[in-house]
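Both ligands and their constituent atoms are indexed starting at 1 by order of listing. What you see below is based on every heavy atom in this structure, not just the backbone, and it leaves out hydrogens, waters and symmetry mates.
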Amino acid sequence: MASRLLISPFTVTYYTYQCFNSAGWIGFVSIFGYFVVGSILNKILIGPIVSMLVEQEKLEGDFRFKHMQIRVNAEAAAFYRAGKVEHMRTDRRLQMLLSTQRSLMNKELWLYIGVNTFDYLGSILSYIVIAIPIFAGDYDGLTPGELSALVSKNAFVCIYLINCALRLLKTQCYYDSFVPADTAFVLDRLSYKSPVSEELLVKDLTLKISQGTHMLVVGNTGTGKTSLLRVLNGLWEACNGSVEMTTCFGPRGVLFLPQKAYLTDGTLREQVIYPLKDIYPSSGSIDDERILKYLELVGLSNLLSRIGGLDTKVDWNWYDVLSPGEMQRLCFARLFYLQPKYAVLDEATSALTEEAEGQLYKACKQLGMTLISLGHRSTLKKHHDIMLRLCGGGQWELTKLKEA
Ligand SMILES: Nc1ncnc2c1ncn2[C@@H]1O[C@H](COP(=O)(O)OP(=O)(O)OP(=O)(O)O)[C@@H](O)[C@H]1O
């Protein structure tokens, strides 16, 4: 990419000069004019398609959800004799989806026509620009063979010039979007609200979340702390501004520990290695040492003897046999096992003592994780470097807790 950045301006300049040489200033001005108009037209045509694609995904999700709802509640619907109503409702969703798909296809058709026309006109334009000096008599002294070579050379130069300009534009877009590798999220004038309200929770939030800088998010109940995570996670759409993710979600990138501890069904081993079970179906005993170490680190060694081992078949509900604090500790054991680059902790220690909280935070840092925490406790401050306070009504403030 760096070589492209260095070479592209030279190639553009060189082929502009070549184009000027063979077709005069009309030649290269026409080519650049054509390039600019074509790029703008393409952008105009793509704009509505993106929002329509999003709409189509949403409607498809709604339609599938309706199906699933009927399947789960078929018996209840039958008791209500609600077959007709449910049929009508499902059909309505299907019709909305189909009509969006139809409009999308119409818009895509124009986009494809635009893109292909842009390509074909490029080659035609190269002959038009050379025709002007030829008919103006600039090349009257050339033999038919030399004239033919000039026309071919000019066609090549024009098409290559368009291609170079396109490449330069792509390089520019790439560098515009370039952010340092140690950055997980870049928020640019981000505004968001809950889907059922018109009032903004946060307005114009601009910040970068980088590796090694631990961030605490605080604010009164309902000010939008968890909603910020929903927006970062792509579960909610932003109203304005953008969120750029440069680290992927998942066990090795950014891992979320939600407010309500999530425990899967299965053995104690499966709880700890979740969600990697399907990736490592037979982790077997090779991981025992690590898993036991982390269970001990979170203070759950006794759980092992209580339930009879890592692979004891489970015929109970984990939510019934663990206290809220134990559930949170188990989630931390999972976090230590997975060791993501970034751990997003949404009140993940609310059921623990401050001492236990301190130990778990220390362990996270020792394992090299960058923390983004949400919480109300003032004791959390000492584990973080910066603090984002959500003040309600869209207001926010960012303060440094420690000097870098
Ligand atoms: N799934 C949802 N659908 C619609 N509105 C929601 C949803 N979840 C939360 N909200 C609303 O969004 C607003 C912000 O909620 P959020 O969960 O972000 O608050 P919070 O700052 O994390 O609060 P707490 O400290 O209690 O966790 C609240 O008014 C809430 O009612």
Quiz item: What pairs with Glu60 under salt bridge (Lys or Arg N to Asp or Glu O under 4.0 Å), at least two apart in sequence or on another chain?
Solution: Arg64
Exercise. Using the side-chain hydrogen bond (donor to acceptor under 3.5 Å, both in side chains) rule, collect all pairs that involve residues 74-89, keeping only residues at least two apart or in two chains.
Key: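 Applying side-chain hydrogen bond (donor to acceptor under 3.5 Å, both in side chains) to every pair that reaches into residues 74-89, excluding sequence neighbours, yields Lys66-Glu86.
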Quiz item: With ring centroids as reference points, do Tyr361 and His214 lie under 6.0 angstrom apart?
Solution: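 Distance test on ring centres: not under 6.0 Å, no.
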Exercise. Please check if atom OH in Tyr17 has more than 12 non-hydrogen atoms from other residues, nucleotides or ligands closer than 6.0 Å.
Key: no
Practice problem: Decide if atom CZ of Phe20 counts as having more than 12 heavy atoms of other residues, nucleotides or ligands within a radius under 6.0 Å. | Solution: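 No.
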Quiz item: Given Gly224, Gly222, Gly392, Ser350, which has its nearest heavy atom closest to atom 23 (O) of ligand 1?
Solution: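 Selected option, by shortest heavy-atom distance: Gly222.
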Quiz prompt | Pick from Glu347, His376, Lys225: the one approaching atom 21 (O) of ligand 1 most closely through a non-hydrogen atom | solution =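 Shortest heavy-atom distance from atom 21 (O) of ligand 1: Lys225.
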Self-check item: Exercise: identify the closest heavy-atom pair between Trp318 and Gly266
Solution: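 Answer, listing the atom of Trp318 first, then Gly266: NE1-O, 2.8 Å.
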Practice problem: List the atom of Gly299, the atom of Arg329, and the distance in Å for their closest heavy-atom pair. | Solution: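 Reported closest heavy-atom pair: CA-NH1, 4.1 Å.
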Can you list the atoms of ligand 1 that are under 4.0 Å from a heavy atom of [X]?
{"X": "Val196", "answer": "4 (C), 5 (N)"}
{"X": "Ser194", "answer": "5 (N), 11 (C), 12 (O)"}
{"X": "Thr223", "answer": "21 (O)"}

Quiz item: To which protein heavy atom is atom 26 (O) of ligand 1 closest, and what is the distance rounded to 0.1 Å?
Solution: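 For this ligand atom, the closest protein heavy atom is Thr221 CG2, 3.0 Å.
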Quiz item: How far is atom 27 (O) of ligand 1 from its nearest protein heavy atom, and which residue and atom is that?
Solution: Gln259 NE2, 3.1 Å
Quiz item: Can you find a non-hydrogen atom of Trp236 under 4.0 Å from ligand 1?
Solution: yes
Self-check item: Contact check, Arg230 vs ligand 1, heavy-atom distance below 4.0 Å
Solution: yes
